[in-house]
Each structure stands twice: as structure tokens, then as C-alpha cells.
**Q** 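One structure, as C-alpha cells, below. Some questions next.
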Amino acid sequence: MSHTHQLTERICSLRAKNNLTTRKMGELLGVSATTIVKWESGQTHPKRSNVLKICKVFQCSPSWLVYGLSDGSEVTDITNPVSYTHLRA
């Protein structure tokens with residue numbers, strides 16, 4: 001299975017696990033519902049900046065989202081956000 005196919009499946013999975021419509025997910029990410037549909041169908045792929053937005057909103061790593069590599073950060077339930085306030089520069 002290609003990384004592209006896996007990426008589309010993970011985007012679909014994130015949306016489904018959080019009970020989001022394509023419209024609501026688009027609003028969270030600052031893109032249109034049509035864009036979400038295209039990502040999920042594999043017609044287009046998210047730009048790097050959108051991959052980072054997806055990861056921030058759904059609290060997952062880019063390596064998990066794009067390649068399926070587990071680094072322990074594939075938290076996908078946005079109803080229980082993780083706090084990063086203890087991490088200060």
C-alpha cells in the first residue's frame with residue numbers, strides 16, 4: 001500500500017473518529033470542504049503547511065500522518081486535548 005493511499009485513509013480516519021463533517025474539518029483547518037473531499041479521495045494531497053495544521057489540530061505527528069510511523073503521538077481524539085504548557089523555550 002502506498003504512502004499516499006495510507007495518508008488518505010488516515011485523514012478519513014481522523015475525521016470519522018472525531019465525528020466531523022468535511023465542512024467542520026475544513027473550518028478547523030482553514031480549507032474548504034471540497035479540499036477535504038479531494039484529500040480523502042486522493043485527488044490532491046495536503047501541502048506541507050496543511051499537514052502541519054492537521055497534526056496540530058488532531059495532535060498527531062507528521063511522520064504518523066504521512067508515513068504511518070508510530071512515535072507514540074498518534075492521539076486522534078480532539079475532544080481531550082493534550083496540554084503542552086509545560087514545554088517552554
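For the numbers below, each heavy atom of this structure counts, side chains included, while hydrogens, waters and symmetry mates do not.
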**Q** With a 4.5 Å heavy-atom cut-off, do Pro46 and Thr35 have their side chains touching?
**A**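 A side-chain contact is absent here, since even the closest heavy-atom pair is not under 4.5 Å.
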
**Q** Could you grab the distance from atom CD of Glu9 to atom SG of Cys12, nearest 0.5 Å is fine?
**A**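 Rounded to the nearest 0.5 Å, the CD-SG separation comes to 7.5 Å.
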
**Q** Assigning hydrophobic clusters by single linkage (Ile, Leu, Val, Met, Phe, Trp, Tyr; side-chain heavy-atom cutoff under 4.5 Å), is Leu52 placed with Leu69?
**A**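 In one cluster: no.
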
**Q** To the closest 0.5 Å, what do you measure between SG (Cys55) and CH2 (Trp64)?
**A**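 Between Cys55 SG and Trp64 CH2, I get 8.5 Å after rounding to 0.5 Å.
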
**Q** Quick one: does Arg15's side chain have a donor or acceptor within less than 3.5 Å of a partner on Met25's backbone?
**A**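 Flag not set: sc Arg15 to bb Met25 has no pair under 3.5 Å.
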
**Q** Side-chain heavy atoms under 4.5 angstrom apart, residues restricted to Ile, Leu, Val, Met, Phe, Trp, Tyr: same cluster for Val37 and Leu29?
**A**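 Looking at the clustering, Leu29 is in a separate group from Val37.
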
**Q** Determine the minimum heavy-atom distance between His45 and Gly42, stating which atoms define it.
**A**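 His45 and Gly42 have their closest heavy atoms at CE1-O, 3.9 Å.
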
**Q** For Leu14, which of Val57, Leu20, Leu65 qualifies under side-chain contact (heavy atoms from CB on, under 4.5 Å)?
**A**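 Running side-chain contact (heavy atoms from CB on, under 4.5 Å) over Val57, Leu20, Leu65 with Leu14 returns exactly one hit, Leu65.
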
**Q** Please examine the side chains of Thr8 and Glu40, heavy atoms only from C-beta on, and report whether any two atoms are closer than 4.5 Å.
**A**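 Glu40 vs Thr8: side chains apart.
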
**Q** Might you confirm whether atom NZ of Lys53 has over 12 heavy atoms from other residues, nucleotides or ligands at distances under 6.0 Å?
**A**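 More than 12 heavy atoms, drawn from other residues, nucleotides or ligands, come within 6.0 Å of this atom.
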
**Q** Are the side chains of Trp39 and Val31 in touch, meaning some heavy atoms are under 4.5 Å apart?
**A**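 Yes, at least one pair of side-chain atoms sits under 4.5 Å.
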
**Q** Hey, could you give me the OG/OH distance between Ser61 and Tyr67, rounded to the nearest 0.5 Å?
**A**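 Going from OG on Ser61 over to OH on Tyr67, the span is 11.5 Å.
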
**Q** Could you grab the distance from atom CZ of Arg10 to atom CG of Leu7, nearest 0.5 Å is fine?
**A**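 One gets 6.5 Å once the value is rounded to the nearest 0.5 Å.
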
**Q** Once rounded to the nearest 0.5 Å, what's the spacing between atom CD1 of Ile36 and atom CG of Leu28?
**A**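 With rounding to 0.5 Å, CD1 (Ile36) is 9.0 Å from CG (Leu28).
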
**Q** What distance do Gln59 atom CD and Ile54 atom CD1 have between them, rounded to the nearest 0.5 Å?
**A**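 Taking CD in Gln59 and CD1 in Ile54, the distance rounds to 14.0 Å.
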
